[in-house]
Enquirer: 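Pasting a structure below so you can have a look.
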Amino acid sequence: MKIATWNVNSLRIRLRHVQEWLKLNSIDVLCLQELKLSDEKFPIDELANSGYNAYFTGQKTYNGVAILINQKSIGQATDVIHNLPNFQDDQKRLIAVTVAGIRIVCGYFPNGQSLESEKFIYKMKWLNAITYWLFEEMKKYPRLALLGDYNIAPEDRDVHDPQKWEGQNLVSPQERKAFSRLENLGLHDAFRLFKQPEKTFSWWDYRMNAFRRNAGMRIDHILLSQALTEVCIDCKVDRTPRTWEKPSDHAPVITTLKYF
DNA sequence: ATGGCATGCAGGGCATGA
């Protein structure tokens, strides 16, 4: 079973990319972030034509998340929830479903903007809320995967230039501590279960030829509960779609689970 | 060195991203 996450930075612009990427990779479950469209504009039929059922919660212009389920290999999802039940929020940043006995949580974590920003306070509150919610959710669903754009680079090796970024938004000690708290729930970074090429990133700024210089960060992650970690046999970033015309600034991350 | 590039909304620049 292959589960993936991808911040597409507008599903309207990137629909063809998503369809092409799904065609090239036999993905069972794909989590999407930054749809940037309202629910009535969600391309349900186009994705159904690609063989995927969609579960989504969106809004105009900003945010929006979806989970695509392979119709042939999986079929339907159950127990769908939109947004964190313990956090009052107008921004559409979270969706969770159950497929094949696995709880799939898709999150678009707040960016934070800068440590001095009100948005950073919101980010830390959101991180606190998801952590408390997951503590309960993992009791209900021992097989749980948390996928998405975390907007946190967990370690210096996840940053192209750690000195330049030291202490800033995306890498600050507060954010990294919040990431550790998620791990302390019993979640494991699937990417770090395996030997990886150095300087592997999942996001590159559109500006300054950042992708060509590999001036990126690893901020998109897949965390797995213990039960899923035991059957995880691969995790990698696929840089390919970042090389296509008009790409998203993020690349997808894929993990493979045995026995499902 | 706070720009650079992309997107949405709106039909011109501004907000936002990371």
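Below, read A as the first sequence line, B as the second, and so on, with proteins coming before strands; counting in each chain starts at 1.
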Enquirer: Please work out which residues in residues 146-154 of chain A have a non-hydrogen atom less than 4.0 Å from an atom of DNA chain B and list them by number.
Expert: A/Asp149, A/Asn151
Enquirer: For B/dT2 and B/dA18, measure between their P atoms and round to the nearest Å.
Expert: 22 Å
Enquirer: Heavy atoms, side chains only, cut-off 4.5 Å: are A/Asn214 and A/His160 in contact?
Expert: no
Enquirer: Tell me: OH of A/Tyr108 to P of B/dT16, nearest whole Å?
Expert: 12 Å
Enquirer: Just how far is it from atom CG of A/Leu187 to atom OG of A/Ser180, taken to the nearest 0.5 Å?
Expert: 12.0 Å
Enquirer: Using 4.0 Å as the upper bound for N to carboxylate O, is an ion pair formed by A/Asp189 and A/Arg218?
Expert: yes
Enquirer: Quick check on B/dA18: is either OP1 or OP2 less than 4.0 Å from any side-chain nitrogen or oxygen of A/Lys119?
Expert: no
Enquirer: Counting only heavy atoms not in A/Lys258, do more than 12 fall under 6.0 Å of its NZ?
Expert: no
Enquirer: Between B/dG11 and B/dT7, how far is it from one C1' atom to the other, in whole Å?
Expert: 15 Å
Enquirer: Answer yes or no: does a side-chain N or O of A/Lys246 lie under 4.0 Å from OP1 or OP2 of B/dT7?
Expert: yes
Enquirer: Starting at CG of A/Leu115 and ending at C1' of B/dA18, how long is that distance when rounded to a whole Å?
Expert: 13 Å
Enquirer: Where each residue is assigned the nucleotide of DNA chain B containing its nearest heavy atom, which of A/Leu37 and A/Trp165 is assigned the position nearer the 5′ end?
Expert: A/Leu37
Enquirer: On a whole-Å scale, what distance lies between the P atoms belonging to B/dC14 and B/dA1?
Expert: 25 Å
Enquirer: Rounded off to whole Å, could you give me the OH-to-P distance for the A/Tyr62 and B/dA18 pair?
Expert: 13 Å
Enquirer: Which comes earlier along DNA chain B counting from the 5' end, the contact point of A/Glu34 or that of A/Lys60, where each point is its nearest nucleotide?
Expert: A/Lys60
Enquirer: How many whole angstroms separate atom CG of A/Asn111 from atom C1' of B/dT7?
Expert: 15 Å
Enquirer: Among A/Thr5, A/Asn7, A/Asn151, A/Asn63, whose side-chain hydrogen bond (donor to acceptor under 3.5 Å, both in side chains) with A/Gln33 holds?
Expert: A/Thr5
Enquirer: Return the value, rounded to whole Å, for the distance between atom NE2 of A/His160 and atom C1' of B/dA18.
Expert: 11 Å
Enquirer: Which whole-number value in Å describes the distance from A/Tyr122 OH to B/dA15 P?
Expert: 19 Å
Enquirer: So what does A/Gln168 touch, heavy atoms closer than 4.0 Å: a base, only the sugar-phosphate, or nothing?
Expert: nothing
Enquirer: Say you pick atom P in B/dG4 and the same atom in B/dA15; how far apart are they, in whole Å?
Expert: 16 Å
Enquirer: Report the distance from atom OG of A/Ser172 to atom NZ of A/Lys177, rounding to the nearest 0.5 Å.
Expert: 11.5 Å
Enquirer: If you look only at distance, which donor and acceptor atoms sit under 3.5 Å apart when one is on a side chain in residues 80-88 of chain A and the other is two or more places apart or in another chain?
Expert:
| from | atom 1 | to | atom 2 | distance (Å) |
| --- | --- | --- | --- | --- |
| A/Asn83 | ND2 | A/Asp89 | O | 3.4 |
| A/Asn86 | ND2 | A/Ala129 | O | 3.0 |

Enquirer: If only side-chain N and O atoms of A/Arg12 are considered, is one of them under 4.0 Å from the OP1 or OP2 phosphate oxygen of B/dG8?
Expert: yes
Enquirer: Look at the side-chain N and O atoms of A/His250 and state whether any lies under 4.0 Å from the OP1 or OP2 oxygen of B/dA18.
Expert: yes
Enquirer: Between the base of B/dA6 and the side chain of A/Asp249, is there a donor and acceptor pair under 3.5 angstrom?
Expert: no
Enquirer: Over how many whole Å does the gap from A/Gln33 atom CD to B/dG17 atom P extend?
Expert: 14 Å
Enquirer: Is it the case that atom CD in A/Glu166 sees more than 12 heavy atoms from other parts of the structure closer than 6.0 Å?
Expert: no
Enquirer: Could you check whether any side-chain N or O of A/Arg176 sits under 3.5 Å from a backbone N or O of A/Glu155, counting only pairs where one atom can act as donor and the other as acceptor?
Expert: yes
Enquirer: To the nearest 0.5 Å, what is the distance between CG on A/Asp149 and OG on A/Ser202?
Expert: 7.0 Å
Enquirer: Can you see if the side chain of A/Asn9 gets near the phosphate of B/dA6 - specifically, an N or O under 4.0 Å from OP1 or OP2?
Expert: no
Enquirer: Quick one, which residues of residues 204-224 of chain A touch DNA chain B with a heavy atom under 4.0 Å?
Expert: A/Tyr206, A/Arg207, A/Met208, A/Ile219
Enquirer: What integer distance in Å separates A/Gln59:CD from B/dG8:P?
Expert: 14 Å
Enquirer: At under 4.0 Å, does any side-chain N or O of A/Thr61 touch on OP1 or OP2 of B/dT16?
Expert: no
Enquirer: Can you tell me if the side-chain N/O atoms of A/Asn7 get under 4.0 Å from OP1 or OP2 in B/dA18?
Expert: yes
Enquirer: Would you call A/Asp205-A/Arg213 a salt bridge at under 4.0 Å N-O?
Expert: no
